[in-house]
Amino acid sequence: MNKLFSVITAVGIALSMSAASPHTGRTVRIATDNTDLILKVGDNGRLYQTYLGPKLRHDTDIELPEWWQHAGSDGAVTRRGWEAYPTAGTEDYFEPALGVVHADGNMTTYLYYVDSSTEPVEGGTLTRINLRDDKYPLSVTLNYVVYPKENVIKTWTEISHSENNPVTLPQYASGTLYFKEPEYWLTEFSSDWAKEAQMSSQQLQFGKKVLDTKLGTRAALHAEPFFEIGLNGPVRENSGQVLMGTIAWTGNFRFTFEVDNVGNLRVIPGINPFASAYELKADEKFTTPEFIFTLSYDGSSQGSRNLHEWARKYQLKDGGKPRMTLLNNWENTFFNFDQKLLGELMLEAKDLGVDMFLLDDGWFGNKYPRKDDHAGLGDWQATRSKLPGGIPALVRAAQKAGVKFGIWIEPEMVNPKSELYEKHPDWVIEQPNRDTYYFRNQLVLDMSNPKVQDYVFEVVDNILTENPDVAYFKWDCNSPITNIYSPYCKDRQNQLYVDHVRGILNVLERVREKYPDVPMMLCSGGGGRCDYGALKYFIEFWCSDNTDPVERAYIQWGFSQFFPAKAMAAHVTSWNKATSIKFRTDMASMCRLGFDIGLKELTADELTFCQQAIANWKRLNPAIMDGTQYRLVSPYESNHMAVEYVDNGKNMGVVFAYNLAPRYREPQSRVRLQGLDPDKKYIVREINLMPGTQSAFAQNDRTFSGDYLMKVGLDLFSTDKNTSMVVELSAQ
Ligand code: DGJ
């Protein structure tokens with residue numbers, strides 16, 4: 001330990017600790033328009049959460065008496081728990097946020113309030129609270145940014161020290177929140193390939209529930225990095241208090257929910273410390289990822305709107321910019337294409353009326369051409385036999401066809417059958433002394449290695465240097481980290497999971513810095529990556545390879561809890577071809593619309609329908625992409641789904657209504673709309689009709705007040721399985 005520091009702080013803290021800390025009673029109020037998070041310094045000089053909930057009306061109420069005291073199971077008053085950032089080794093025996101093994105081996109840490117400050121940041125205010133151990137030169141800064149209008153708070157922590165030798169951090173959460181309610185109901189989002197964001201709910205009882213991932217990359221393959229907690233009852237759409245939280249970390253995360261002996265709940269979000277005890281050298285700073293949360297007092301629907309609004313303004317890349325519609329070739333051709341065929345598909349894209357043609361996997365590799373998923377990853381030169389003119393010829397062909405050109409890459413990965421692997425086997429995460437396990441025949445590059453970071457950056461940089469007109473990247477990531485061992489990390493293997501993600505973020509930062517105007521889609525074997533850490537660099541993510549419209553209803557409903565439609569890419573494909581092209585297109589139209597289908601598969605009427613649906617979608621962009629979303633009818637609670645979008649001026653709206661699996665003669669309820677101006681008159685008109693068909697919508701082309709539509713509603717459902725209706729609302 002640094003001796004001078006220990007003398008000075010020991011004296012300082014000893015003074016502050018005698019009788020009462022000079023900071024005792026000091027209050028830090030972290031407030032949005034609707035929510036208060038109140039932190040206070042106790043008589044021991046440590047910082048406690050005293051309140052988190054609806055905004056307190058009277059400032060005097062913030063000074064709650066004896067706020068740190070809670071009755072223990074024996075009735076005795078205790079101050080256990082509720083420490084703003086609980087540490088290991090104190091009198092609190094429940095889950096800590098921070099664990100430290102100091103340079104001398106001591107495993108305890110006590111943090112005392114030092115000072116705090118606030119400063120304006122884009123969209124809100126940052127509060128920084130400095131805490132320090134009294135016996136060790138170890139400092140922690142708690143950061144909270146409030147976005148008042150959107151009612152979103154994000155919090156993260158910085159840890160540093162000046163001990164004589166490195167300290168080890170076995171745990172380093174982003175923050176801690178406490179609740180005291182009679183019941184806690186967790187909604188979790190389980191996931192898998194083609195089965196992303198599936199919602200289920202359970203009551204939290206005494207003890208711990210953990211949601212986590214240990215996959216390294218493609219981290220959200222089995223668990224999404226977000227959750228909801230119904231406070232005093234299961235989460236409901238439009239009523240009740242709900243906490244909605246998500247972590248901005250594109251790697252291993254962990255949410256711990258612990259109900260203690262007296263029924264308090266603590267929520268500890270952070271990087272998953274599994275196999276990741278982090279060694280922190282003196283004067284290095286460990287910054288945790290942001291934990292983003294909102295509290296809604298009107299159910300999850302309002303919480304989602306808080307997050308959608310916040311994300312588009314402050315977190316999602318290009319949240320305020322328009323999105324391009326596109327034609328992708330993956331499902332249409334897989335690896336089987338050449339320059340001529342791509343040229344034809346670009347003309348099809350133009351004919352369809354989309355903005356861009358997106359070339360997917362299979363365009364690269366010469367020594368080991370990428371003709372399937374066994375070879376070529378890592379060798380990012382166009383395959384000469386397939387594409388003799390390389391990317392420049394494809395860009396020219398797209399220009400000639402009158403569409404933009406986008407391209408697929410998977411730059412963090414390598415096939416053992418590649419020139420890259422042959423040249424740089426030491427750039428790969430792989431066991432030195434065990435058999436290799438392959439996931440999709442590939443391995444993960446070691447992003448903790450700065451040389452590998454340079455290489456990955458150059459994949460994008462080289463393409464854009466040679467082809468400045470490449471307008472879009474689809475950045476894929478199909479494998480979790482397998483065979484965890486980094487030749488670069490040597491004896492610091494336990495830092496690999498963290499440093500690997502930092503390496504990815506470093507590359508993404510460089511890409512954004514040099515190419516701020518080139519949009520990228522985040523993809524990970526479907527929706528295996530969807531976090532607000534990566535989405536600072538990506539304008540959208542690919543929700544799932546499952547584009548069966550029935551399954552998509554659930555997937556999109558799940559992701560919409562945390563992401564605006566603008567961040568969610570959805571394509572019309574041939575999955576579940578038994579359903580109509582209309583049903584498939586209507587389902588994709590509630591996100592960023594694209595197509596991944598051969599036009600030759602479509603009849604003339606179907607093509608006309610798609611062209612009109614694209615034009616409708618573009619016209620409705622102020623509502624779907626930039627407006628407010630109302631989830632009206634849940635596929636989890638009915639045999640239908642309905643979702644409404646309204647533009648910011650409440651002049652334009654659209655309702656997507658889907659009949660998924662209605663029962664024979666099932667009675668249909670009217671659907672009450674939301675978010676309209678009660679005093680405006682709206683014409684309601686069915687759009688996205690197949691050519692030659694008449695609308696069967698009972699209220700078609702009639703005018704109603706917003707008040708009527710919200711109180712009485714519309715007859716949007718029928719008993720016809722796998723059908724849909726899209727209704728446009730136009731204010732008069
Ligand atoms: C997985 C993605 O989810 C697909 O859309 C496609 O890009 C393939 N990878 C290509 O290998």
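Keep in mind it's a predicted model, so treat the numbers as computed, not measured. Each ligand, and each atom within it, is numbered from 1 in the order the structure gives.
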Self-check item: Plane angle bin for Trp542 and His571 - parallel if under 30°, tilted between 30 and 60°, otherwise perpendicular
Solution: tilted
Quiz item: Met521 near ligand 1, heavy-atom distance under 4.0 Å?
Solution: no
Quiz item: Going by the order shown, which atoms of ligand 1 are within less than 4.0 Å of some heavy atom of Cys523?
Solution: 2 (C), 3 (O)
Quiz item: Nearest protein heavy atom to atom 4 (C) of ligand 1, by residue and atom, and its distance?
Solution: Asp545 OD1, 3.5 Å
Quiz item: Can an N or O of Phe335 be found at a distance shorter than 3.5 Å from an N or O of ligand 1?
Solution: no
Practice problem: Ignoring hydrogens and angles, tell me if any N or O in the side chain of Thr383 forms a donor-acceptor pair with the backbone of Ser385 under 3.5 Å. | Solution: no
Practice problem: Inspect the contact between Arg312 and Asp626 and indicate whether a charged nitrogen and a carboxylate oxygen are less than 4.0 angstrom apart. | Solution: no
Exercise. Answer yes when Glu309 and Arg305 have at least one side-chain N-carboxylate O distance shorter than 4.0 Å, and no when they do not.
Key: no
Quiz item: Is a salt bridge present between Lys600 and Glu348, judged by a nitrogen-to-oxygen distance below 4.0 Å?
Solution: yes
Quiz item: Using heavy atoms and a threshold below 4.0 Å, how should the contact between His571 and ligand 1 be classified: side chain, backbone, both, or neither?
Solution: neither
Quiz item: Between Lys514 and Glu509, is the closest basic N to carboxylate O distance under 4.0 Å?
Solution: no
Quiz item: Where does Lys474 meet ligand 1, judged by heavy-atom distances below 4.0 Å: at the side chain, the backbone, both, or neither?
Solution: side chain
Practice problem: Give the residue and atom name of whichever protein heavy atom lies nearest to atom 9 (N) of ligand 1, and the separation in Å to one decimal. | Solution: Asp476 OD2, 2.7 Å
Quiz item: For atom 11 (O) of ligand 1, which protein heavy atom lies nearest, and how many Å away is it?
Solution: Asp361 OD2, 2.7 Å
Self-check item: Contact check, side chains of Leu327 and Asp596, non-hydrogen atoms, under 4.5 Å
Solution: no
Self-check item: Top protein contact for atom 7 (O) of ligand 1, by heavy-atom distance
Solution: Asp360 OD1, 2.7 Å
Self-check item: Those atoms of ligand 1 less than 4.0 Å from some heavy atom in Asn478
Solution: 1 (C), 9 (N)
